[in-house]
Amino acid sequence: MAPTMSKTALLPRTAPFGDQERAHLDAALGAATPIQRAWLTGFLAGLDAAAGQPATAAAVPAAPSKAAEPLTILFASESGNSEKLAGDVAKLARKQGFKPKIVDFAELDLATLPKAGKLVAIAATWGEGEPPARAVRAYGELMGEAAPRLDGVEFGVLALGDTSYAEFCAIGKALDARFEALGAKRAYDRADLDLDFEKPAADWIKGALKALAPAEAPAGNVVAVDFRAAGGEDEEAEVSREPVTVEVIDHVNLNSSRSDKETIHLALEFEDGAPAYEPGDSLEIFPENDPQLVEDILKAAGLSGDEALRKALLSERDITTLSVTTIERFANATGHADAQKFVESGEAKAWIEGRHLIDLLERFPVTLTADHLNTVTRPLPPRAYSIASSRKEVGDEVHLTVAAVRYETHGRARSGVASVHVADRIKNGAKLRVRVKPNKHFRLPADPATDIIMVGPGTGVAPFRAFVQERRATEAPGRSWLFFGDRHFTHDFLYQLEWQDALEDGSLSQIDVAFSRDQPEKIYVQDRIDAHAAEVVAWLDGGAHFYICGDAKNMAKDVHAAVVRAFQTVKGLSAADAEAHVAGLERAKRYQQDVY
Ligand SMILES: Cc1cc2nc3c(=O)[nH]c(=O)nc-3n(C[C@H](O)[C@H](O)[C@H](O)COP(=O)(O)OP(=O)(O)OC[C@H]3O[C@@H](n4cnc5c(N)ncnc54)[C@H](O)[C@@H]3O)c2cc1C
Ligand SMILES: Cc1cc2nc3c(=O)[nH]c(=O)nc-3n(C[C@H](O)[C@H](O)[C@H](O)COP(=O)(O)O)c2cc1C
């Protein structure tokens, strides 16, 4: 059947097409924006040129070719979400006739920003309201007094974050305000997105590109089309984002029974072959909530009889996180006046510290509906775990090192959702839903002859098990040096026997350990770096790559300070010059971190 003729038929009856073709083209072109039409003209002309066809009257553009609208896409990312979205923006922008350029904040030259013209910035927040580690330098410069004016730049900011943090989307918010303060014009309002950002981010990207598109592409103009592969943004092959089910084939507590810690070595098997993960990537686990907590919540909400809700609360909803947003939603959904006042007075902000949803339901008892609970909670986010294996050694398996999170606040015992699910409720033969989360900024050197220094206390050691396995399997000639630390040598030396084997077979050249509680004074990995400063500097001067994984709050900063100190003491550099030297290593991708 012929499609309905568009009321705004574009093609004249004299066009060299049949009625049906004309109707199809009218239907498609009638809905296209001016810039899409101009792009299409350029695209067809380019195709003909590429195919070596002689230019016919029909293929030659009526007006001179117009350059595609440049668009700078700036991203600040730690675990890859903002970077992935920057790629999505570029793909759509290219389709819409822009000429996109993706810029990692880590590599931003601030002097180029005033010439950006159109700018999309996507920024994640880390730490406690801090920029992602690789973005710290450029972010500091942008916020500093020497930042250039941005008059003439039009921008939109997409902020990624997690409502469970007090400083929700702080970096995106700060960038949005900073661009405006420097004279740039906000073309599209900022969106602050939580962990379930995929759908709202796609909507925001569409809206932002529409707002940033030029008002009119004059009829007859041609947008020069960039014929690079649409997926050219990403150098590494894309791994599927679809979760898959795996079977637990090994589940061992790496700590001794007398340790006050519990760290599970988990081996998982993929039925249809392991996805193409690389050492340095993480695996996201889609966990289940504690069934006892589900019962407590159902009871507090007066909904113990609702089986469908019980199922949803177990595996689909985040029933622990409590943010001010949660309380606002609770107050709005239930009309609870006291809860409303609690938020408005500002009291809620301090009260949520160390508390969970169950505390809210007990503080403001009210009978809820399933809809209320769905509105108040967000989808249960997966948790990332550094992959502790190399496919070259373990085939279709993937190994993880998961530390059980248990603590007590406000008189109530609390459990980390995913880690305690793994520790307590997952045994051999159990199934888990997982998804690979690639991290191309935490990679072994391309040249296997390059030396590596790895600093990974606690579960931070996980990716270095993968690094060592990979280097053993590839017989890499480069030297490998591991700094490991934990509480007690006897109880907490994760993978001790494996490191001994690795030292014997040469895949590990050196190991230095720091057990903080085995002597009166605390000793940490940074103290071991201090003690080996000359050797660390010699390795780095010889081209070694330096890696840190594990605790972001203290360890990564302390290790950074120790490396800076090493250059000061060994080479007599000033503190500023030593900092600059380490910043240079970072820019050269020879100082990489994966911290959390
Ligand atoms: C890239 C990446 C790689 C990672 N790799 C690993 C890994 O290899 N191994 C590993 O074990 N973890 C790893 N993690 C951390 C992991 O993703 C989870 O964050 C961790 O297991 C906790 O998740 P959970 O669901 O058990 O706890 P959640 O339910 O998420 O609870 C954790 C929260 O509880 C609160 N909390 C924790 N302790 C206390 C306390 N003492 N007092 C008050 N509040 C507290 C904090 O708010 C904390 O954020 C990684 C994280 C990232 C981002
Ligand atoms: C250790 C850690 C600290 C975080 N700190 C914050 C924070 O202070 N504020 C916030 O809004 N989000 C915070 N987040 C959430 C991240 O911003 C969020 O996961 C984001 O999607 C990451 O994007 P990226 O992959 O581009 O880095 C934190 C996440 C982790 C794992």
Side-chain angles (χ1 to χ4, degrees), residues 75-86 104-105 122-135 158-173 192-198 201 261-266 280-290 293 318-323 352-356 380-388 399-410 412 414-424 437-439 441-442 456 458-466 494 549-553 556 593-596:
F75 71 86
S77 188
E78 178 100 28
S79 64
N81 296 335
S82 309
E83 183 167 14
K84 160 82 175 57
L85 291 177
D104 186 343
F105 237 93
I122 307 179
T125 299
W126 278 75
E128 306 286 335
E130 291 155 36
R134 287 182 303 115
L158 182 60
L160 294 196
D162 178 342
T163 47
S164 72
Y165 287 88
E167 299 297 330
F168 176 53
C169 286
I171 298 305
K173 289 173 185 169
D192 299 334
L193 304 185
D194 204 351
L195 295 179
D196 52 336
F197 59 80
E198 279 170 19
K261 294 174 103 181
E262 187 182 356
T263 311
I264 306 297
H265 169 74
L266 197 64
D281 288 346
S282 297
L283 192 78
E284 290 180 312
I285 291 186
F286 289 79
E288 280 190 7
N289 285 305
D290 176 358
L293 180 63
D318 179 350
I319 58 166
T320 49
T321 297
L322 182 63
S323 63
I352 57 175
E353 189 64 36
R355 288 191 165 88
H356 288 171
L380 180 56
R383 269 64 168 178
Y385 294 91
S386 307
I387 291 179
H399 298 181
L400 304 178
T401 315
V402 179
V405 172
R406 302 180 210 270
Y407 58 99
E408 191 180 311
T409 45
H410 306 287
R412 193 189 286 268
R414 321 263 176 182
S415 303
V417 173
S419 61
V420 172
H421 178 57
V422 165
D424 286 3
K437 191 163 174 51
N439 183 355
H441 302 289
F442 201 70
T459 55
V461 82
F464 303 134
R465 184 173 180 267
L494 310 182
C549 183
D551 172 59
K553 209 183 255 173
Q593 44 179 320
D594 191 15
V595 294
Y596 45 86

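Basis for what follows: all heavy atoms, side chains included, without hydrogens, waters or symmetry-related copies. Atoms within a ligand are numbered from 1 in the order they appear, just like the ligands themselves. Note that the structure is predicted; figures quoted are calculated from it, not measured.
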J.: I need the nearest protein heavy-atom contact for atom 27 (O) of ligand 1: residue, atom name and distance, please.
T.: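 Protein heavy atom at minimum distance: Gly416 CA, 3.1 Å.
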
J.: Is it true that Asp104 and Arg134 make a salt bridge, defined as a side-chain N closer than 4.0 Å to a carboxylate O?
T.: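 Answer for the salt bridge query: yes.
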
J.: Tell me: protein heavy atom nearest atom 23 (O) of ligand 2, and distance?
T.: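 The closest one turns out to be Ala124 CB, 3.2 Å.
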
J.: Please confirm whether Ser419 comes within less than 3.5 Å of ligand 1 when only nitrogen or oxygen atoms on both sides are compared.
T.: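 Yes, there is a polar N/O contact under 3.5 Å.
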
J.: Taking NZ, NE, NH1 and NH2 as the nitrogens, is one of them in Arg406 or Asp424 under 4.0 Å from a carboxylate oxygen of the other?
T.: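 Answer for the salt bridge query: yes.
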
J.: Taking the side chain as everything from C-beta on, heavy atoms only, tell me whether Val402 gets closer than 4.5 Å to Thr263.
T.: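 Side chain of Val402 against side chain of Thr263, heavy atoms only: no contact under 4.5 Å found.
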
J.: Please check whether Glu78 reaches ligand 2 - meaning an N/O of the residue sits under 3.5 Å from an N/O of the ligand, judged on distance alone.
T.: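 Yes, Glu78 has an N/O under 3.5 Å of an N/O on ligand 2.
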
J.: Within the 3.5 Å criterion, strictly below it, is a donor on Asp194 or Thr163 matched to an acceptor on the partner's side chain?
T.: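 Asp194 vs Thr163: donor-acceptor pair found between side chains.
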
J.: Should Ala170 be counted as touching ligand 2, given the test is an N or O pair under 3.5 Å?
T.: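 In this structure, Ala170 places no N or O atom under 3.5 Å from an N or O of ligand 2.
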
J.: Does the protein put a heavy atom less than 4.0 Å from atom 32 (C) of ligand 1?
T.: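 When distances to the protein are checked, atom 32 (C) of ligand 1 has no heavy atom within 4.0 Å.
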
J.: Between His441 and Glu83, do the side chains contain an N or O donor and an N or O acceptor separated by less than 3.5 Å?
T.: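 Indeed, the side chains of His441 and Glu83 share at least one donor-acceptor pair under 3.5 Å.
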
J.: Please list, chain by chain and in numerical order, all residues satisfying ring-ring contact (aromatic ring centres under 6.0 Å, His included) with His356, sequence neighbours excluded.
T.: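 Scan of His356 (ring-ring contact (aromatic ring centres under 6.0 Å, His included), adjacent residues dropped) gives none.
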
J.: Looking only at N/O atoms, are Lys437 and ligand 2 under 3.5 Å apart anywhere?
T.: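 The answer is no, given that Lys437 and ligand 2 share no N or O pair closer than 3.5 Å.
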
J.: Would you mind running through ligand 1 and noting each atom that sits below 4.0 Å from a heavy atom of Ala418?
T.: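 By the 4.0 Å cutoff, the relevant atoms are 24 (P), 25 (O), 26 (O).
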
J.: Would you say Thr409 has any N or O atom under 3.5 Å from an N or O of ligand 1, going by distance alone?
T.: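 There is no such contact.
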
J.: Looking only at N/O atoms, are Ala76 and ligand 2 under 3.5 Å apart anywhere?
T.: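 No, no N or O pair falls under 3.5 Å.
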
J.: How does Glu128 reach ligand 2, if at all, at less than 4.0 Å between non-hydrogen atoms: by side chain, backbone, both, or neither?
T.: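 Near ligand 2, Glu128 shows its backbone, while the atoms from C-beta on stay back.
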
J.: I want to know if ligand 1 touches Ala462 in the polar sense, i.e. an N/O pair below 3.5 angstrom.
T.: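 It does not: no N or O of Ala462 is found under 3.5 Å from an N or O of ligand 1.
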
J.: Taking all non-hydrogen atoms of both residues, which atom of Gln593 and which atom of Ala133 are closest, and how far apart?
T.: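 Smallest heavy-atom distance, with atoms named: NE2-CB, 3.8 Å.
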
J.: What about Gly127: any of its N or O atoms under 3.5 Å from an N or O on ligand 2?
T.: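 Yes: some nitrogen or oxygen of Gly127 is under 3.5 Å from one in ligand 2.
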
J.: May I ask you to check whether Tyr385 has an N/O atom sitting below 3.5 Å from an N/O atom of ligand 1?
T.: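 Yes; the residue has a nitrogen or oxygen that sits under 3.5 Å from a nitrogen or oxygen of the ligand.
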
J.: Mark the output for Ser282 as yes if a heavy-atom distance to ligand 1 is under 4.0 Å, and as no if none is.
T.: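 Yes.
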
J.: Using side-chain heavy atoms (C-beta onward) and a distance below 4.5 Å, is Ile387 in contact with Tyr385?
T.: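 Side chain of Ile387 against side chain of Tyr385, heavy atoms only: no contact under 4.5 Å found.
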
J.: Could you tell me the residue and atom name of the protein heavy atom closest to atom 31 (C) of ligand 2, and the distance to it rounded to 0.1 Å?
T.: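 Nearest protein contact, heavy atoms only, for atom 31 (C) of ligand 2 is Trp126 CZ3, 3.3 Å.
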
J.: Let me confirm one number: the OG-CZ distance from Ser77 to Phe105, rounded to the nearest 0.5 Å.
T.: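 Result: 12.0 Å between the selected atoms.
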
J.: Taking the side chain as every heavy atom from C-beta outward, state whether Pro438 and Asp281 have any pair of such atoms under 4.5 Å apart.
T.: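 They are in side-chain contact.
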
J.: Heavy atoms, side chains only, cut-off 4.5 Å: are Leu160 and Thr125 in contact?
T.: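 Of all side-chain heavy-atom pairs linking Thr125 with Leu160, none is under 4.5 Å.
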
J.: Does any N/O atom on Asp594 come nearer than 3.5 Å to any N/O atom on ligand 1?
T.: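 N/O-N/O distance below 3.5 Å does not exist for this pair.
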
J.: Looking at Glu353, I want to see if its CD is surrounded by more than 12 non-hydrogen atoms of other residues, nucleotides or ligands under 6.0 Å.
T.: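 Atom CD in Glu353 is not crowded, with 12 or fewer foreign heavy atoms closer than 6.0 Å.
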
J.: Among all protein heavy atoms, pick the one closest to atom 50 (C) of ligand 1 and tell me residue, atom and distance.
T.: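 Protein heavy atom with the smallest distance to atom 50 (C) of ligand 1: Ala384 O, 3.0 Å.
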
J.: Can you find an N or O of Thr320 that's nearer than 3.5 Å to an N or O of ligand 1?
T.: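 No, there is no polar N/O contact under 3.5 Å.
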
J.: Return a yes/no value for Thr125: is any of its N or O atoms, backbone included, closer than 3.5 angstrom to an N or O of ligand 2?
T.: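 Between Thr125 and ligand 2, an N or O pair is found under 3.5 Å apart.
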
J.: Give the numbers and elements of all ligand 2 atoms closer than 4.0 Å to a heavy atom of Phe168.
T.: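 Counting atoms of ligand 2 from 1, those under 4.0 Å from Phe168 are 11 (O).
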
J.: Using a 4.0 Å cut-off to any heavy atom of Glu167, which atoms of ligand 2 qualify?
T.: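 The atoms of ligand 2 under 4.0 Å from a heavy atom of Glu167 are 7 (C), 8 (O), 9 (N), 10 (C), 11 (O).
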
J.: Any side-chain donor paired with an acceptor under 3.5 Å for Tyr165 and Thr321?
T.: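 The answer is no; no qualifying pair exists.
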
J.: Find all atoms of ligand 2 within a distance of less than 4.0 Å from any non-hydrogen atom belonging to Cys169, and give their numbers and elements.
T.: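 By the 4.0 Å cutoff, the relevant atoms are 10 (C), 11 (O).
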
J.: Return the option from Asp162, Leu160, Leu193 holding the heavy atom at the smallest distance from atom 12 (N) of ligand 2.
T.: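 Result: the heavy atom closest to atom 12 (N) of ligand 2 is in Asp162.
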
J.: Do Ser164 and Ser323 have side-chain heavy atoms sitting under 4.5 Å apart?
T.: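 SC-SC contact between Ser164 and Ser323 ruled out.
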
J.: Please tell me whether Arg383 and Ser419 have a donor and an acceptor in their side chains that are separated by less than 3.5 angstrom.
T.: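 Absent: no donor and acceptor within the cut-off.
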
J.: Considering both backbone and side-chain atoms of Val405, is one of its nitrogen or oxygen atoms within less than 3.5 Å of a nitrogen or oxygen in ligand 1?
T.: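 No; the residue has no nitrogen or oxygen that sits under 3.5 Å from a nitrogen or oxygen of the ligand.
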
J.: I'd like to check Leu283 versus Leu400 (side-chain heavy atoms, cut-off strictly below 4.5 Å). Are they in contact?
T.: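 When only atoms from C-beta onward are counted, Leu400 and Leu283 do touch, with a gap below 4.5 Å.
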
J.: Give the atoms of ligand 1, by number and element, whose distance to some non-hydrogen atom of Thr401 is under 4.0 Å.
T.: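 What qualifies from ligand 1 is 7 (C), 8 (O), 9 (N), 10 (C), 11 (O).
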
J.: Where do Ser79 and Trp126 land on the side-chain contact (heavy atoms from CB on, under 4.5 Å) test, with the steps shown first?
T.: CA-CA 10 Å; Ser79 64; Trp126 278 75; 3.4 Å; yes

J.: Less than 4.5 Å apart, side chain to side chain, heavy atoms only: is that true for Tyr407 and Ser415?
T.: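 No, side chains not in contact.
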
J.: Is the closest N or O pair between Ser386 and ligand 1 shorter than 3.5 Å?
T.: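 Yes; the residue has a nitrogen or oxygen that sits under 3.5 Å from a nitrogen or oxygen of the ligand.
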
J.: Does Tyr165, backbone or side chain, put an N or O under 3.5 Å from an N or O of ligand 2?
T.: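 Not met; the criterion fails.
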
J.: Which atom names give the shortest non-hydrogen contact between Asp594 and Gly280, and what distance separates them?
T.: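 Reported closest heavy-atom pair: OD2-O, 4.2 Å.
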
J.: Val402 to ligand 1: N or O pair under 3.5 Å?
T.: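 For ligand 1, there is no N or O atom that lies under 3.5 Å from one belonging to Val402.
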
J.: Could you find the nearest protein heavy atom to atom 29 (O) of ligand 1 and give me its residue, atom name and distance?
T.: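 Checked against all protein heavy atoms, atom 29 (O) of ligand 1 sits closest to Val417 N, 2.9 Å.
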
J.: Just to confirm my output: which protein heavy-atom neighbour is closest to atom 15 (C) of ligand 1, and how far is it?
T.: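 I find the closest protein heavy atom is Tyr596 CD1, 3.7 Å.
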
J.: Has ligand 2 got any nitrogen or oxygen that is less than 3.5 angstrom from a nitrogen or oxygen of Ser82?
T.: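 The answer is yes, given that Ser82 and ligand 2 share an N or O pair closer than 3.5 Å.
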
J.: Heavy-atom distance from atom 48 (C) of ligand 1 to the protein below 4.0 Å?
T.: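 Flag for atom 48 (C) of ligand 1 set to false, no protein heavy atom closer than 4.0 Å.
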
J.: For ligand 2, indicate whether the residue Leu195 contacts it via side chain, backbone, both or neither (heavy-atom separation under 4.0 Å).
T.: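 Contact part for Leu195 vs ligand 2: side chain (C-beta onward).
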
J.: Where is the nearest protein heavy atom to atom 19 (O) of ligand 1: which residue, which atom, and how far?
T.: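 Heavy-atom neighbour on the protein nearest atom 19 (O) of ligand 1: Arg383 CG, 4.4 Å.
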
J.: What I want to know is whether Ala403 and ligand 1 share at least one N or O pair that is separated by under 3.5 angstrom.
T.: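 N/O-N/O distance below 3.5 Å exists for this pair.
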
J.: Would you say ligand 2 has an N or O under 3.5 Å from any N or O of Asn81?
T.: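 Yes; at least one N/O pair falls below 3.5 Å.
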
J.: Atoms of ligand 2 less than 4.0 Å from Ser77 heavy atoms?
T.: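 The list of qualifying atoms is 24 (P), 25 (O), 26 (O), 27 (O).
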
J.: Would you say atom 8 (O) of ligand 1 makes contact with the protein, given that contact here means a non-hydrogen protein atom less than 4.0 Å away?
T.: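 When distances to the protein are checked, atom 8 (O) of ligand 1 has a heavy atom within 4.0 Å.
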
J.: Does some side-chain heavy atom of His399 sit less than 4.5 Å from a side-chain heavy atom of Arg465?
T.: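 SC-SC contact between Arg465 and His399 confirmed.
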
J.: Can you report which non-hydrogen protein atom sits closest to atom 35 (C) of ligand 1, along with the distance?
T.: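 Closest protein heavy atom to atom 35 (C) of ligand 1: Tyr407 OH, 3.3 Å.
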
J.: Counting only heavy atoms on the protein side, is anything nearer than 4.0 Å to atom 2 (C) of ligand 1?
T.: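 Neighbour list for atom 2 (C) of ligand 1 includes protein heavy atoms (cut-off 4.0 Å).
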
J.: Counting each atom of ligand 2 from 1 as listed, which ones have a heavy atom of Tyr596 under 4.0 Å away?
T.: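 Those of ligand 2 that fall under 4.0 Å from Tyr596 are 1 (C).
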
